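Computed from a prediction, not measured in an experiment: that's the story for all the values here. In what follows, every chain begins at residue 1, and chains take the letters A, B, ... in the order their sequences are listed.
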Amino acid sequence: MRLRFAPSPTGFLHIGNARTAIINNLLSQKHNASLVLRIEDTDMERSSKESEDSIMKDLSWLGIQWTEGPDCGGDYGPYRQSERFDIYKEYTEKLLSEGKAYYCYCSAEETEQMRKEAQASGRNETYNGNCRNLTSEQKTRLEQEGRKPTIRFHVNPDKDISFNDTIKGSVSFNSSNIGGDFIIVRSDGIPVYNYIVVIDDALMKISHVIRGEDHLSNTPKQLLISQALGFDTPEYAHLPLVMGEDKKKLSKRHGITSVNLYREEGYLPEALVNYISMLGWASDDEEEILPISEIIKQFELTKIGASSAVFDFKKLRWMNGNYIRSTEGAKLLKLMYPFLSKEYDLKSYSDGWLIAVITFLTPYCELLSDINTQISHFLSDDIVYTDEIKELLLSEDGWKIVETTKELFDSKLTSDNFYSDYINLVKEKTGAKGKNLFMPCRSIMTGSIHGPDLAETMKLYDFGKCKIRANTAYNLKQV
RNA sequence: GUCCCCGUCGUUUAGUGGUCUAGGACACCGGGUUUUCAUCUCGGCAACAGGGGUUCGAACCCCCUCGGGGAUGCCA
């Protein structure tokens, strides 16, 4: 079994393509098969090396392990289509000499016109076969006009083209319905995707082509070329497309779609891979959160449903939060560190303390980046009270608690008992209880009316910081 | 327009002729835990697109309709 993932480097790795890559990877891991990474960069205008690099970076981040590719080489290289033009040329000569392809001198404008006419009359031949039988005199005359020819593949009409798709089942087209003779080499001499994909898959000995459903209607053309060139055809599996909420092909307006942004927002690759690979099927026991090893074990192409799936950003977040909460302290710190260090200077804190704090805050984080807002009051002695909090603390009952807090930290409380006794002592002295007790106390200490367990928070703060907070609140009336 | 693919709760899925008054998860709503919030936990809401067949029996098989998507590029 040999598999491939063939992105075109025209932008960041998109969720939809990531899914194709993930599924190819799952299968390659499961069956110990080779996974070829092939860069389809024949669109010279839109392709870039930066895109290629970022795609490879994102694939690696997702844990995808290709065994052959432009970076690591392999027996069937080169792995960039732009480096394979000589190979394609041979096959083009062959098709030309066998009369299976021909030069077409129609201009882009002329073919555009034909297309419109065909569509208006409900016909499916978008090219009318104008140049199919040109004499050599006609050809030289057209060339003298300065026309640069394209090369078209000759499609015989009314032939049945059927194949069995692993996901879709049997699919059939009629050759009269695929648009007529299609271009395989552009007028600038660069061959076209639909043509060379066949050559590459054959030469690279790809046994299973697993790709997005948007390629389903390209398949008959590719099958025709494959036959014309005498290749064995691979097994095909067309993955249903990933949709946005409105059931349109997932795109930017639905939410973030490039994988690099998921990384930057603080998603764990494991969560993203888990979510994406469960789109379209369910595990045997309908468990949703599964380690990759288990997914590899259970996954099969035939389990994937034939219908498209809507990408649920909320469920992904939930799953990500789940992964965060089940990550061990030291590993968690490693993951959160890049986010934290972007906003905070962490030099003065010990790893042990940081781990204790982030572990404590983990129920509040769905994304790794959420830690930044959660942790702010732990990393600074200064505190800024919002107007809402000020109002609470300056109210008659609130102020009593502020004064009591100040007193307690000046006299009774010590570094041994401050976090465990604080609340009870305030209660004793002021008679406040319930939320009238807790909200002001929490507000004084954390600057927020909600949050994790106060005693534990104060313990993590330490006595000094709590005392500072007590003073800051007390100074509210001084200023 | 034409061709191809698809159609179970809002979403994602289980379900392959009787065990389905259709199960799980997310979301949503409510209870409990937490003197807060989050987490956790318990419960609730909620679907076989419609119509014809086939069959003793259909979510499952067939046909039609409707709906959705993709393709229709000298993009991939």
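Nucleotides B:rG18 and B:rG10, compared at atom C1', are 31 Å apart to the nearest Å. Rounded to a whole angstrom, the distance from the P atom of B:rC9 to that of B:rA49 is 7 Å. Annotation: B:rC29 and B:rG15 have their P atoms spaced 31 Å apart (nearest Å). Nucleotides B:rC20 and B:rU39 have their P atoms positioned 33 Å apart, rounded to a whole Å. For the C1' atoms, the distance linking B:rU13 with B:rU72 amounts to 32 Å, nearest Å. With P as the reference atom, B:rG31 and B:rC37 are 11 Å apart, rounded to whole Å. Only the C1' atoms considered, B:rG43 is 16 Å distant from B:rA25, to the nearest whole Å. Comparing the same atom, P, in B:rG73 and in B:rC28 gives a spacing of 44 Å after rounding to whole Å.
Across all strands shown, the partner of B:rC61 is B:rG53, judged by Watson-Crick or G-U wobble contacts whose two distances both fall under 3.5 Å. Across every strand in view, B:rU34 sits unpaired, with no contact that passes the Watson-Crick or G-U test at under 3.5 angstrom. Judged by Watson-Crick or G-U wobble contacts below 3.5 Å, the nucleotide B:rG67 has B:rC6 as its partner.
Put simply, the side chain of A:Lys315 and the base of B:rA27 share no donor and acceptor less than 3.5 Å apart. Between the side chain of A:Asn218 and the base of B:rA71, no donor-acceptor pair under 3.5 Å is found. Side-chain atoms of A:Glu287 stay outside donor-acceptor range of the base of B:rG24, with no qualifying N/O pair under 3.5 Å. The base of B:rC3 does not come close enough to the side chain of A:Ser217 for any donor and acceptor atom to sit less than 3.5 Å apart.
Both the sub-6.0 Å distance and the 45° axial angle are satisfied by A:Arg469 relative to the ring of A:Tyr461.
Atoms SG and CZ, from A:Cys365 and A:Phe339 in turn, are 11.0 Å apart once rounded to the nearest 0.5 Å. To the nearest 0.5 Å, atom NE2 of residue A:His215 and atom CD1 of residue A:Ile210 are 13.0 Å apart.
As judged by a 4.0 angstrom heavy-atom cut-off over every strand, A:Ser307 is placed among residues touching the sugar-phosphate backbone only. Among the atoms of the strands shown, only primed sugar atoms or phosphate atoms (P, OP1, OP2) are found under 4.0 Å from some heavy atom of A:Met243. Contacts of A:Thr42 with the nucleic acid, taken as non-hydrogen atoms under 4.0 Å apart, involve only primed sugar atoms and P, OP1 or OP2.
Side-chain N/O atoms of A:Asn274 and A:Tyr323 include a donor and acceptor closer than 3.5 Å.
Within the 4.0 Å cut-off from OP1 or OP2 of B:rG73, at least one side-chain nitrogen or oxygen of A:Arg115 is found. A sub-4.0 Å separation between OP1 or OP2 of B:rU11 and a side-chain N or O of A:Lys314 is absent.
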Open item on the list: Go through it in stages, so that I can follow the logic: the residues are A:Met336 and A:Ile375, the test is side-chain contact (heavy atoms from CB on, under 4.5 Å), and I'd like the CA-CA distance, side-chain angles, deciding distance and then a yes or no.
Closed with: CA-CA 11 Å; A:Met336 285 180 167; A:Ile375 206 173; over 6 Å; no
